Protein chains: 2
Amino acid sequence: MTTASEPKRRGRRAGGADTKAVLLDAAREVFIERGYEGATVRAIAAKAGVDAAMVNHWYGSKENLFAQAVLKLPFDPTELVKRLLDGPPEETGERIVRNFIGVWDASGGGPFVALLRSVTSHDGVATMMREFFLNNVFRRITEKLVVDQAELRAALCASQVVGMGLTRYVVRFEPFASADVEVVVGAVGPNLQRYLTGKIG
Amino acid sequence: MTTASEPKRRGRRAGGADTKAVLLDAAREVFIERGYEGATVRAIAAKAGVDAAMVNHWYGSKENLFAQAVLKLPFDPTELVKRLLDGPPEETGERIVRNFIGVWDASGGGPFVALLRSVTSHDGVATMMREFFLNNVFRRITEKLVVDQAELRAALCASQVVGMGLTRYVVRFEPFASADVEVVVGAVGPNLQRYLTGKIG
DNA sequence: GCCGTATTTCATCGTTTGTTGAAAATTAGC
DNA sequence: GCTAATTTTCAACAAACGATGAAATACGGC
């Protein structure tokens with residue numbers, strides 16, 4: 001068996017860097033930049049400074065590497081929802097915008113762009129986005145707010161939030177893409193709030 | 001010269017169908033379904049029922065075929081803008097939603113999905129989306145409405161509209177994806193209207 | 001019916017893709 | 001220092017890609 005679930009590290013390379021981790025970081029970068037199909041195993045290995053065969057040695061396949069590097073959530077959605085619900089209910093929309101833009105901006109929009117860039121070429125990315133945005137985040141929020149049409153409201157919020165990400169990080173509609181966080185909060189927040197607690201009929 | 005800008009049709013094949021046009025339709029379908037990189041010249045030719053070499057014979061390259069089949073607008077933006085502005089200004093948001101959803105639904109979301117599926121793998125798609133949504137549509141609308149922050153308002157509208165498309169056709173957030181057009185109009189229209197003429201500061 | 005051109009077919013080229021297995025290099029345990 | 005396990009390198013594989021050019025076919029003009 002060479003798939004190496006958890007190496008017992010008998011040998012180690014000169015640089016001392018952990019190849020498996022370096023490979024994961026490089027993979028994340030390249031997947032973000034080029035999407036699943038656009039990212040080649042050789043390009044990932046090159047960015048990591050190792051041989052291409054290391055990918056299959058440490059992760060078995062490109063597919064599995066993608067799952068580890070991109071598909072796996074880097075944080076706990078429960079914590080995020082708690083933060084979004086913490087405060088006046090009538091300001092939930094603004095908090096949602098502030099949080100998402102804040103997190104995404106901090107990483108240059110990376111994780112979101114990675115998902116979107118691969119939503120075409122990799123089965124399961126769309127499912128994963130549904131799972132996250134709808135079931136793990138917005139559905140839980142509309143649940144707590146006790147409103148009618150909870151599912152539709154959640155989907156509406158998701159539509160505005162992913163649209164925000166698409167606009168700001170991928171297609172880059174100016175001046176929205178470069179606008180200050182608080183400008184976006186002031187603009188989008190109230191609309192999100194209407195989706196959450198307003199009249200949508 | 002064999003690139004055939006406008007063939008003088010000396011010869012014709014048994015079926016009588018115009019290969020160039022058949023190829024264009026097949027290309028549009030496959031590009032929509034698999035994106036630029038995912039769509040192979042051979043798959044397009046197969047769907048058109050012709051040899052793969054026909055692609056290069058009639059269009060020179062896969063690149064050019066993509067431009068002809070997907071990148072080229074199938075309609076006049078000016079006409080669309082006129083339609084969107086025709087009516088009470090306070091209902092512009094609703095008209096925008098009704099029009100876009102109407103057009104997209106009629107084609108199963110095809111054109112929009114094609115753009116989004118290829119926004120990763122083909123240079124110029126993002127530029128083309130900016131050109132269309134911002135400069136050709138929403139920027140012209142906010143211009144006519146004579147409002148402050150016209151650029152930002154246009155970008156905000158674009159963010160909601162592309163988010164709508166992404167949600168309804170690509171990631172398919174339910175129940176939004178299957179909702180009746182008028183439900184979407186009632187839900188999203190007012191938000192779009194606020195982006196157009198409301199207070200966004 | 002012949003000729004020239006347009007169209008189509010076919011075989012094939014040169015790359016690039018993910019993946020594999022054997023050999024080489026490196027390190028820990030003793 | 002020897003051994004065994006691990007990690008890395010290297011060469012190569014089969015498959016699929018876009019593209020090309022020559023040969024074969026179909027058809028209108030005459």
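To find a chain, count down the sequence lines: A is the first, B the second, and so on, and within it residues start at 1. What you see is a predicted model; the values in this text were computed from it and never measured.
Of the possible polar contacts, one joining the B:Q193 side chain to the B:T92 backbone as a donor-acceptor pair under 3.5 Å is found. Between the side chain of A:R153 and the main chain of A:T142, no donor-acceptor pair closer than 3.5 Å is present. Although no hydrogens or angles enter the test, the distance criterion places a donor-acceptor pair under 3.5 Å between the side chain of A:R168 and the main chain of A:A179.
Rounding to whole angstrom units, NE2 of residue A:H57 and C1' of C:dG21 are separated by 13 Å. Nucleotide D:dT7 holds its P atom 16 Å from the CG atom of A:N56, rounded to whole Å. Rounding to whole angstrom units, CG of residue A:D51 and C1' of C:dT19 are separated by 12 Å. Atom CD1 of B:I44 is separated from atom P of D:dG18 by 8 Å (rounded to the nearest Å). We find that OH of A:Y59 is positioned 17 Å from C1' of C:dG18, with the value rounded to whole Å. When rounded to the nearest whole Å, the span between CG of A:D18 and P of C:dT27 equals 14 Å.
Between A:T19 and D:dT8 there is a side-chain N or O to OP1 or OP2 distance below 4.0 Å. Contact between the side-chain N/O atoms of B:W58 and the OP1/OP2 oxygens of C:dT7 is not found at any separation under 4.0 Å. Within the structure, every side-chain polar atom (N or O) of B:S61 is placed at least 4.0 Å from both OP1 and OP2 of D:dG18.
Geometrically, A:K62 engages A:Y36 in a cation-pi contact defined by less than 6.0 Å to the ring centre and at most 45° from the axis.
Comparing A:M54 and B:A53 by the nucleotide of DNA chain D whose heavy atom lies nearest to each, the residue mapping closer to the 5' end is A:M54. Taking for each of A:A39 and B:G49 the nucleotide of DNA chain C with the nearest heavy atom, the 5'-most of the two is the partner of B:G49.
Within 4.0 Å (heavy atoms only), A:A45 reaches no atom of the nucleic acid at all. Nucleic acid contact class of A:A43 (heavy atoms, under 4.0 Å, all strands): none.
For B:K62, taking side-chain heavy atoms from C-beta onward, the closest of the listed nucleotides D:dT8, D:dG18, C:dT17 is D:dG18.
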Short N/O separations, protein against nucleotides 12-15 of chain D, under 3.5 angstrom:
residue	atom	partner	partner atom	Å
D:dA12	N6	A:R42	NH2	3.4

